[in-house]
Asks: 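Below is the structure I would like to discuss, written out as structure tokens.
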Amino acid sequence: MVKVSANSSLIFWNFLDMANERYNPRDAEPRWQAKWTENKVFETDNNDPREKYYVLEMFPYPSGRIHMGHVRNYAMGDVVARYKRARGYNVLHPMGWDAFGMPAENAAMKNKVHPKAWTYENIATMRGQLKSMGLSLDWSREFATCDVDYYHRQQHLFLDFLEKGLVYRKNSKVNWDPEDMTVLANEQVIDGRGWRSGALVEQRELTQWFFKITDFSQDLLDSLETLDQWPEKVRLMQRNWIGRSEGMTIRWDVVADAAASGHDEVTVYTTRPDTLFGASFLAIAADHPLAKAVSEKNEAVRQFCEECRRAGTSLAALETAEKKGIDTGVKVRHPLDPAWELPVYVANFVLMDYGTGAIFGCPSGDQRDLDFARKYDLPVVPVVMPRDGDAASFAVGDVAYDGDGVMINSRYLDGLSTEEAFEEVARRISAQTLRGAPQGERKVNFRLRDWGISRQRYWGCPIPVIHCEVCGVVPVPKKDLPVKLPDDIDFDKPGNPLDRHPTWRHVSCPCCGKDARRETDTMDTFVDSSWYFARFTAPWEKNPTDPSAANSWLPVDQYIGGIEHAILHLLYSRFFTRAMQATGHLDLKEPFKGLFTQGMVVHETYSRGEGLSREWIAPADLRIEETDGQRRAFLLESGEEVKIGSIEKMSKSKKNVVDPDDIIGSYGADTARFFVLSDSPPDRDVIWSEAGVEGAHRFVQRVWRLISEAAPQLSGVAAKPALDGEAMAISQAAHKTLKAVQNDYDKLAFNKAVARIYELVNSLAAPLTAAAAGKADEATRAALREAANILVQLVAPMTPHLAEECWSILGNEGLVATTGWPAYLEALVSENEITLPVQINGKKRAELTIARDADQNAVTSAVLALAPVQQALEGKAPKKVIVVPQRIVNIVV
RNA sequence: GCGGACGUGGCGAAACUGGUAGACGCAAGGGACUUAAAAUCCCUCGCCUUCGGGUAUACGGGUUCGAUCCCCGUCGUCCGCACCA
């Protein structure tokens, strides 16, 4: 694997007595990294007057070691940072750690290490790994979210949000793991059981802290339009998540009856008021107040509601659950016909936390309502018919019609379109009153819920409030911040260690001075990552931000990270930016101007055995052989053959991981960086393969060999592009590539940049070799020196160490890292003559080389004179000649 | 179920969003150098071919002088949301 040995001295290079050694990244990389650090090349000054550029990659969770996904993510960000720096921007490129969270507590329970020690040790390891990648980061701004200094400012923000009414407390249903005695997030509940304990998860009502993200629902939706440098996919996902719908609320009068205990109306939300005459029942959620009231007197209803609550947890159960309901006995009056009475059911498919927790069922227009109606034998009246339907014969069988169309069976609405009927019903019901208030109103509804941030855990940012029996919930005064996590904790028992700490929670009330207790909930770790990008702009500041620094650096110009954060992290950050604007910490709405979601690093899997006894094998433990096009894998130890399986995301469980340390150790950081950037488009998955890495490494060595061999001949001449003569081809290749690659870098098309650079190296190989042998004249050497410099600058963002090494041996002053981007010469990138493909009837039959600025007539007559064209025309005139300037000529015969 | 994306050689992919399909890399094959190997360099490489050419971008249609690109339909893969009223 390690191929960094010096070349055999037996090899005889007749033209060369030096620089015949292979490039040794283990020597060169640390050397250049030290040089960059020593010169503080990547430390950013907030007072630098140049135009700013903020590039940020999603900061890592300090899990222990970096993985290839990190390498790819950070390599991309680093290319952008180095490229923009060369283009003259004042670049901010910081790094930190998303350091709070469950794994530290799990490690504490399992290995008896303190979460703090575990976390900071991991950070130290990973910082070292990132540094070995040679990333152009401003390490002076580094922080971890578990630093007291950071969460102190987060508590400050919390208090400001609280004061602004953006934080509140309410009862809410949570997933409660009775064994671990903790709340679980939805994604931590698998098939109704806790992901760690395996215990059946219960739904519990707890008082929880919430951020009022719904205050911004409409704005978060509307502003997506302005994020034109975000992937359309992500914007769409956010749009769906916010889930805006336009409809109306309608109040239904309850028919006076002994069964209806204390409820005289039911409010439903609907997006289809036009179908009101097709209504045949109301359905309410099991948690609806009316359902609870009825339950007290009706045992059957109580049991049904109970059943619904139990079934609610697992997704699989929801999918397959039969639509079921139970008649409450309550009847309501139709809002457009007081004589019409409808039954009220409790139904298992109605959700309490969407709309009003109550719906009216229109079986002909909604498949679910139809299934329900058929099951309980409720009327099915078609009220909407497709435009081309026949009113007399139109009927609904087993399939509901939920499209637009023409109203039927709807009295005065008949003949109207669905939109017109919507308007008419909305108008009538809004004008109608029930007990002195309008019976309904137009309402925009959102799927987005407020953000519950309470976590019953230790390793998170403490929520800075105090509960006093007299004064109620009292915010911790800012002067008393930070509320620090206690260090002396034990994880012997399940549950929140803060809760059972002997002294921590006991505190006197800041208002009345009486004994009170601290809030023991800590914040969701998504809070930590919702504003770190703002903190990086002035991490030394005693307030959460320095608004002037935040306003000048933000928004982040290019944010790069995984698609898995398309919704939550990005939505929360967008909310936080708005909330911080409302509280004066910065003044903008959208934190991320450009967003790029990179693909994963995937790898083949290897295994032996079948089913339960299947055992996964790490790639490091085997060797691959190829015979007759068949690839086979064998264990290194025993030689036993194992099965080559599918290509999947690198994961510990499938053991198809490659450790970046191993790759950097044997091939160097440049090879690793270059490989993850080449081949696949950056937003797609890249397949890690040994052959691919070898290829990347060959490229690194090739560049070094070509340049270092020619360097003695080039370092003495001044770089000068050749504008004529033999050497012009060299300068043209370099300048054309320069233009193309900078265009690719602008678009983050790293794979295309790589391809272009390969082409340039291929075309420079022969002249460089000739120059090394002393067979190049002065002009050629000057052109080669210039071309070599350009090549080095082009690769510098991707393989920065190699670039510095080449830069230096070519005799250039200073560092590539601080050298400005070269400018291509227009004269060298535009050709005087172009070759046009000539098609006959759309098939290519000839080529025509002609002056670039030749007019259409000149092109036409030149084309018609071509032999293949003459032949095809057989003396006749062409039917049509299409000349696309600079592109193609097509002759129709 | 709803919404979205994608489908190009043995493989990863290009093709300036209607203009020479397969750049570049990987793998493979042949050759040079070498006692031999590694490294390096050169050549070949979608399929068929009677060597003129024919044919090919999941499949079937359409629009166009011209379609990987636009339109309609079919199949397949992946992703997001999911009882949303």
Side-chain angles (χ1 to χ4, degrees), chain A residues 3 5 7-8 10-11 13 22 231-234 236-241 243-245 247 268-272 275 283 285 312 315 318-319 321-323 347-351 353-362 365-369 371-372 445-447 563-564 566-567 626 628-629 631 647 675 678-681 684-687 689-696 698-699 701-702 705 740 743 749 751-762 765-766 769 835-847 878-893:
Chain A
K3 301 202 170 162
S5 57
N7 222 336
S8 163
L10 291 171
I11 294 176
W13 302 91
R22 300 190 55 153
E232 188 50 46
K233 180 186 169 72
V234 174
L236 185 72
M237 281 163 71
Q238 293 221 347
R239 206 169 289 137
N240 292 339
W241 186 264
R244 183 184 194 272
S245 66
V268 306
Y269 175 73
T270 179
T271 56
R272 295 295 301 272
T275 64
L315 281 173
L318 280 179
E319 260 172 73
E322 196 189 348
K323 310 290 172 265
N348 64 351
F349 59 85
V350 180
L351 308 170
D353 56 3
Y354 186 81
T356 59
I359 62 164
F360 79 78
C362 172
D366 182 290
Q367 192 58 46
R368 205 185 39 209
D369 293 347
D371 296 344
F372 193 82
N445 197 47
F446 293 94
R447 204 188 76 108
I563 186 76
E564 66 274 20
I567 298 175
E626 180 156 346
D628 305 326
R631 295 178 66 248
I647 294 171
F675 176 66
S678 46
D679 263 357
S680 285
R684 246 184 260 177
D685 292 350
V686 65
I687 302 170
S689 71
E690 197 60 30
V693 186
E694 301 268 1
R698 265 202 300 276
F699 171 81
Q701 291 296 348
R702 186 165 188 231
R705 186 164 27 82
N743 186 37
N751 59 322
K752 293 189 212 170
V754 166
R756 301 240 148 83
I757 290 171
Y758 267 115
E759 279 176 311
L760 179 60
V761 172
N762 286 344
T769 307
T835 300
L836 289 176
V838 176
Q839 294 183 330
I840 294 167
N841 291 337
K843 297 230 158 98
K844 191 196 160 195
R845 285 296 124 97
E847 281 183 347
K879 274 199 194 134
K880 205 171 177 182
V881 179
I882 296 132
V883 179
V884 184
Q886 322 274 321
R887 274 284 149 75
I888 202 167
V889 181
N890 191 12
I891 295 162
V892 187
V893 298

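Reminder, nothing fancy here: chain letters follow the sequence lines and each chain counts from 1. Side chains are part of it too, since the values below use all heavy atoms of this structure and drop only hydrogens, waters and symmetry mates.
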Asks: Give me syn or anti for B:rG80, where syn covers glycosidic angles within 90 degrees of 0.
Replies: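 It is anti.
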
Asks: For RNA chain B, just give me the dot-bracket, please: Watson-Crick or G-U, both distances below 3.5 Å, ( ) intra-strand, [ ] crossing earlier pairs, | paired with another strand, . unpaired.
Replies: (((((((..(((......[....))).(((((.......))))).(((....)))..(((((..]....))))))))))))....

Asks: Can you tell me, in whole Å, how much space there is between the C1' of B:rU57 and that of B:rC70?
Replies: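 Those two atoms are separated by 16 Å.
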
Asks: I'd like to know if A:Arg887 reaches the base of B:rC16 with its side chain, counting only an N/O donor and acceptor under 3.5 Å.
Replies: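 In this structure, the two groups form a donor-acceptor pair.
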
Asks: Using heavy-atom distances to pick each residue's nearest nucleotide on RNA chain B, tell me which of A:Gly355 and A:Asp679 is more 5'.
Replies: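 The residue mapped nearer the 5' terminus is A:Asp679.
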
Asks: Applying a 4.0 Å non-hydrogen cut-off, can you work out what A:Asn743 is touching in the nucleic acid: base, sugar-phosphate, or nothing?
Replies: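 It contacts nothing in the nucleic acid.
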
Asks: B:rA28 and B:rU17: how far apart are their P atoms, nearest whole angstrom?
Replies: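 Per the computed distance, 36 Å lies between those P atoms.
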
Asks: Just call it for A:Tyr758: base, sugar-phosphate, or nothing, with non-hydrogen atoms closer than 4.0 Å on any strand.
Replies: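 Here A:Tyr758 touches the backbone only, sparing every base.
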
Asks: Would you kindly check whether a donor in the side chain of A:Lys323 faces an acceptor in the base of B:rC83, or vice versa, at under 3.5 angstrom?
Replies: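 Indeed there is one.
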
Asks: Would you please confirm or rule out a distance under 4.0 Å between OP1 or OP2 of B:rA27 and any side-chain N or O of A:Arg698?
Replies: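 For A:Arg698, the contact criterion (side-chain N or O under 4.0 Å from OP1 or OP2 of B:rA27) is met.
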
Asks: OP1 or OP2 of B:rA5 less than 4.0 angstrom from a side-chain nitrogen or oxygen of A:Arg684, does that happen here?
Replies: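 Negative; the distance criterion is not met.
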
Asks: Within the 4.0 Å heavy-atom criterion, would you say A:Val881 contacts the bases, only the backbone, or no part of the nucleic acid?
Replies: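 Result for A:Val881 = nothing.
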
Asks: Determine the interatomic distance between P on B:rC47 and the same-named atom on B:rC42; round to the nearest Å.
Replies: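 Between the two P atoms, the distance is 23 Å.
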
Asks: Work out how far the P atom of B:rA21 is from that of B:rC71, and round it to whole angstrom.
Replies: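 My reading of the P atoms in B:rA21 and B:rC71 gives 22 Å.
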
Asks: Is B:rG9 syn or is it anti, if syn means the base angle is within 90 degrees of 0?
Replies: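 With its glycosidic angle within 90° of zero, B:rG9 counts as syn.
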
Asks: Over how many whole Å does the gap from A:Asp685 atom CG to B:rC6 atom P extend?
Replies: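 Distance check: A:Asp685 CG to B:rC6 P gives 15 Å.
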
Asks: Phosphate oxygens OP1/OP2 of B:rA85: is one of them under 4.0 Å from a side-chain N or O of A:Arg368?
Replies: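 False: A:Arg368 side-chain N/O out of range (4.0 Å or more) of B:rA85 OP1/OP2.
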
Asks: For nucleotides 21-23 of chain B, give me every protein contact, N/O to N/O, under 3.5 Å, one pair per line with atom names.
Replies:
unit_1	atom_1	unit_2	atom_2	d
B:rA23	O2'	A:Glu759	OE2	2.7

Asks: Does A:Leu236 reach a base, just sugar-phosphate, or nothing at all? Heavy atoms under 4.0 Å.
Replies: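 Answer is sugar-phosphate: A:Leu236 comes under 4.0 Å of backbone atoms only.
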
Asks: In terms of side-chain heavy atoms, does A:Ser245 have a donor or acceptor partner in A:Tyr269 at a distance below 3.5 Å?
Replies: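 Yes.
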
Asks: If you pin A:Lys880 and A:Ile687 to their nearest nucleotides in RNA chain B, which one's is more 5'?
Replies: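 Result: A:Ile687.
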
Asks: Considering only atom C1', compute the distance from B:rU49 to B:rU55 and round it to an integer number of Å.
Replies: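 Per the computed distance, 10 Å lies between those C1' atoms.
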
Asks: Would you mind classifying the nucleic acid contact of A:Arg845 as base, sugar-phosphate or nothing, using non-hydrogen atoms under 4.0 angstrom?
Replies: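 Sugar-phosphate: the residue A:Arg845, judged by heavy atoms under 4.0 Å, touches backbone atoms but no base.
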
Asks: For residues A:Val883 and A:Val881, determine if any side-chain heavy atom of one lies less than 4.5 Å from a side-chain heavy atom of the other.
Replies: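 With C-beta onward as the side chain, the pair touches.
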
Asks: Would you indicate what A:Val884 reaches in the nucleic acid, counting non-hydrogen atoms under 4.0 angstrom: base, sugar-phosphate, or nothing?
Replies: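 Base contact - A:Val884 has a heavy atom under 4.0 Å of at least one base atom.
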
Asks: Taking atom C1' in both B:rG53 and B:rU64, what distance in whole Å separates the two?
Replies: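 Approximately 26 Å lies between the C1' atom of B:rG53 and that of B:rU64.
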
Asks: Over all strands shown, is A:Thr271 touching base, sugar-phosphate only, or nothing at heavy-atom distances under 4.0 angstrom?
Replies: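 The answer is sugar-phosphate, as A:Thr271 gets under 4.0 Å only of primed atoms, P, OP1 or OP2.
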
